[in-house]
Amino acid sequence: MADSYNFSEIEERIAKLWRDEDIYRYDPKSKKEVYSIDTPPPTVSGLIHVGHVMSYSQMDFIARYKRMKGYNVFYPFGFDNNGLPTEILVEKTHNITAEKLGRERFIALVESETKKFMDMYKEVWQKVGIAVDWSLAYSTIGKDAQRISQLSFIKLCKMDRTYRKETPTIWCPKEKTAVSQMELKDKVLKSRFINIKFSKEITIATTRPELLPACVAIFVNPDDKKNAKLVGKKVRVPLFGQEVTVMADRRVDPEKGTGVVMCCTFGDLTDIDWYRAYNLPLKIIIDESGAIIHGDYKGMKIKDARSKVIEALKAEGLVTGEKEIEHNVNVHERCNTEIEFLVKKQWYVRYLDLKEKFLDAGKKIKWHPEFMKVRYDNWVNGLQWDWAISRQRFYGIPFPVWYCEKCGETMLAEEGSLPVNPLNQKPGKKCKCGSDRFVPEGDVMDTWATSSTTPLLNAKWDGERYDKRIYPMSLRPQAHDIITFWLFTSVVKGYFHTGLVPWKDAFIAGHALDPKGQPMHKSAGNIIEARGAIEKNGADQVRYWASVSKLGEDASFQDKDIKTGHKLAVKMWNVANFVQMNMGDPTRAAKATNIIDKWILSKAMMAVENATARFDEYDFTGAARAASEFFWYFCDNYLEFIKHRTYKGDKTAADTLSAVFLMTLKMFAPFVPYVTDEIYQRLYRKTEKSVSIHVSEWPEYNGKMFDKKSFELGERIANTIIFIRQWKHNNQMALNGELAQVEVEGLTEGLDEIAGAMNIKKVTKGKGDLTVPGTEIKLAIKK
RNA sequence: GGGCCUGUCGUCCAACGGUCAAGACGCUAGCCUUACACGCUUGAGACAGGGGUUCGACUCCCUUCAGGCCCACCA
């Protein structure tokens, strides 16, 4: 291998080899133990940055390690094209709305549109070298995902775990659509804070006087000395006359406004909480387009109604104060419209009674890192509402439900007919009451209702049975930000449908930060795109960066880590050159007799043992470090120590050299899969008989290659050589310069090795005055 | 407001409660040594502050300060 290291050429060639040999294929017929990974489906939103590369590389380290350890690795890939970002992406690129196109056609459009992105994603992930079986790919809007989501829902209905209830929904009056919290953003708006006199003692401050007709209660803080005495009083709402009660709640800030707040259905999210918590009456005064539907103000837009109400209040002398303020309001991120709250019927999954079960499930998962469990526990402990799984949107997986027009009975689709779209399909049978006229459910499911089924989807759950080799899955890898969503909801589904925790281990990755340590955001303009980074630096180098920071820690994208990865690859390349020139038989290494060989083999065994233990704990950083430390030491010392032997054609040195380098390559293979495989192909494929290093065996600890005495003796010899090397440096000698004589005191073996390694004419036992640090060995050195 | 994480050479990042606190990038000084100058060998350089526990603390506890994240809140 006379050519120099060229990553783009190597990576292209090796990627082709992997594709041609299909080495990541999961074999359902294999007798090997299965290691199954619940790979996170990335959101299809048109962007892959180095953060994605980091988290997918980190799980890939594990997948590759497990494969080399002899597992039958089930490592699928999913595309999340069910979410809002995908919807927005498609709407933008086609300048249409999902609503106008209709659900079926929109989903079809998404599928064809995202095909392009999926191909692009696949290409990038393949460049990164993610070792997934692409034949197991799925999409979260695909037929399987639709069927399983709907089946899960039907099963939950049959278990009496669902119910439908009117609840407030965030609503955009301009686009006349429900919006999710994700789509909200803050906007600072000027507004007027108006003090309204309700009675002699009660004056409330509000920015929304037009909501007076929807006022259902008044709140004060129970610890507010000034106002606490009002609790329990009843008062009539000015202009509109309904009687409301003053209640106590700690969420009221006594310092804000008058310290007295009105609760309307609904002005903001607190109103919703109060409405739920205190079972308040519901007064709807705004319609879907944001117009008032109440009394004299009927038909007016909110802002117009507001001025009219203020006028009327003033006319009666009830406005006792007015102040211009700036405040944060929630607006719809797409159109900047201030959002309102409407009441809609929602489907819920009832699970609040199961908190203890979910906490138990959390205990059964092995968390990596451990502290991530606390986030899960906090979330479960803090749960206050059941899981609302319906969304008033057009794009998504429909509920497989109709309602009888005559008796209102809910009619579920037949399990065998899934997936269905109730909007253009009929139940296929009559209602209990005899009617065959139905109203279809128009809502779609929350995306988590689908994402939560990925373990079931992977295990081909059919409602009863699933592939027990795959499920419960071995590993759930994901980032920490969605523990409360994806991880938790998956636990919920696993509990309901299988009674089992869906995985054994959870592997929680951190986020990538920009080189300055700032989070990467589109708006900050600091996103480092994946493809460019790979083309510029090589996939091995970017992956190496991903191995440097510990699991769960955020990591900034540092040039110097890329550089270090590059140096590592170059070093391996150059060592490979040296090994090739001195190629031996790795299988003969265990027969080594030379002390330096026995020493490096023992050291290699310790490194293997360490890297293996680290990997088994999902500490890939520790594994990589164990490999690196050993490798660089091996290069700088062992290689130099044996040159005098290899130059003479000593075969035993070549055997050890070849064996130890192979072990090192294998320890690095999960991290830098391209360069290690390229070298493997050139030097070892013929003798090892694996088509790729990635389907070869992980180095095992071999007792024949570890000998404590040889190791300790070797350490003393090595330290002596290193000391002489330093002495040469300190005495302005070239490191290969010849020394006339060294007398050694306190070490009787390996003197020939010292002489050979350091180019010393004569090494003899004797007396010395220079102490080798950390030893009792003394030397006398003569130039 | 509640919870969690993190503070170590200029920078990034390690260290079962026990050597001289490791390594990488950068910097310094030597060396073209038959794998590699994309290299080798040197040198300088750090435990955020304050309390405690301990024979002994970077490590455990409390606290202050500084970052970050999640949740809640924003009338």
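Here is how names work: the chains are called A, B, and so on, in the same order as the sequence lines, proteins then strands, and each is numbered from 1.
The side-chain tip of A:Lys571 does not point at the ring of A:Phe631 from less than 6.0 angstrom away and within 45° of straight on.
Residue A:His566 is classed as a base contact, given a heavy-atom separation below 4.0 Å to a base.
Annotation: side chain to side chain contact (heavy atoms under 4.5 Å, CB included) contacts of A:Pro40 (sequence neighbours excluded): A:Tyr56, A:Met59, A:Pro477, A:Trp486. The side chain to side chain contact (heavy atoms under 4.5 Å, CB included) search around A:Phe371 returns A:Pro369, not counting sequence neighbours. In this structure, A:Phe661 has no ring-ring contact (aromatic ring centres under 6.0 Å, His included) partners at least two apart in sequence or on a different chain.
Mapped onto RNA chain B by nearest heavy atom, A:Ser549 and A:Asp268 fall at different nucleotides, with A:Ser549 at the one closer to the 5' end. Both A:Arg625 and A:Phe193 sit near RNA chain B, but only A:Arg625 has its closest nucleotide nearer the 5' end.
Listed by first and then second residue, the side chain to side chain donor-acceptor pair (under 3.5 Å) pairs involving residues 723-736 of chain A are A:Asn637-A:Arg725 (not counting sequence neighbours). The side chain to side chain donor-acceptor pair (under 3.5 Å) pairs that include a residue from residues 206-222 of chain A are A:Arg208-A:Glu210, A:Arg208-A:Glu340, A:Glu210-A:Arg306, where partners are two or more places apart or lie in different chains. Judged as a salt bridge (charged side-chain N to carboxylate O under 4.0 Å, His left out), not a single pair has a partner in residues 549-562 of chain A (not counting sequence neighbours).
The P atoms of B:rA22 and B:rC62 are separated by 29 Å, rounded to the nearest whole Å. For B:rU63 and B:rC71, the P atoms lie 26 Å apart once the distance is rounded to whole Å. Remark: the separation of the P atoms in B:rC73 and B:rG2 is 15 Å, to the nearest Å. Across the P atoms, B:rG51 and B:rC70 are found 35 Å apart, a figure rounded to whole Å. Between B:rU11 and B:rC16, the two P atoms lie 24 Å apart (nearest whole Å).
Salt bridge annotation for A:Lys643-A:Glu640: present, with a cationic side-chain nitrogen under 4.0 angstrom from a carboxylate oxygen. The pair A:Arg682-A:Glu678 meets the salt-bridge criterion, since a charged nitrogen lies less than 4.0 angstrom from a carboxylate oxygen.
Side-chain contact annotation: A:Glu201 with A:Ser199, donor-acceptor N/O pair under 3.5 Å absent.
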Check nucleotides 26-28 of chain B against the protein and report each pair of N or O atoms closer than 3.5 Å, with its distance, or say if there are none.
residue : atom : partner  : partner atom : Å
B:rG26  : OP1  : A:Lys563 : NZ           : 2.3

Please produce a list of atom pairs where a protein N or O lies less than 3.5 Å from an N or O of nucleotides 3-9 of chain B.
residue : atom : partner  : partner atom : Å
B:rG3   : O2'  : A:Asn378 : ND2          : 2.4

What protein N or O atoms touch nucleotides 42-45 of chain B N or O atoms at under 3.5 angstrom, if any, and at what distances?
residue : atom : partner  : partner atom : Å
B:rU42  : OP1  : A:Gln726 : NE2          : 2.5

Sugar-phosphate or base contact per nucleotide [nucleotides 31-36 of chain B; S, B, -; heavy atom under 4.0 Å]:
--B-BB
Would you mind writing out the side-chain donor-acceptor pairs for residues 513-520 of chain A within the sub-3.5 Å range, not counting sequence neighbours?
residue  : atom : partner  : partner atom : Å
A:Asp514 : OD1  : A:Lys516 : N            : 2.8
A:Asp514 : OD1  : A:Gly517 : N            : 3.0
A:Asp514 : OD1  : A:Gln518 : N            : 2.8
A:Asp514 : OD2  : A:Asn526 : ND2          : 3.0

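Under the 3.5 Å distance criterion, the side-chain polar atoms of A:Asp271 are matched with a main-chain donor or acceptor of A:Gly267.
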Using a 3.5 Å limit on both pairing distances, list the dot-bracket string of RNA chain B from the 5' end; Watson-Crick and G-U wobble pairs count, crossing pairs take [ ], interstrand pairs take |.
(((((((..(((.....[....))).(.(((.......))).)....(((((..]....))))))))))))....
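Checked against the 6.0 Å centroid threshold, A:Tyr5 and A:His566 count as a close aromatic pair.
Residues A:Phe615 and A:Phe61 share a closest heavy-atom pair of CE2-O, 3.8 Å.
Using a 4.5 Å cut-off on side-chain heavy atoms (C-beta onward), A:Cys263 and A:Leu280 make contact. For the pair A:Val575/A:Cys635, a side-chain contact is recorded, criterion being any heavy-atom separation below 4.5 Å from C-beta on.
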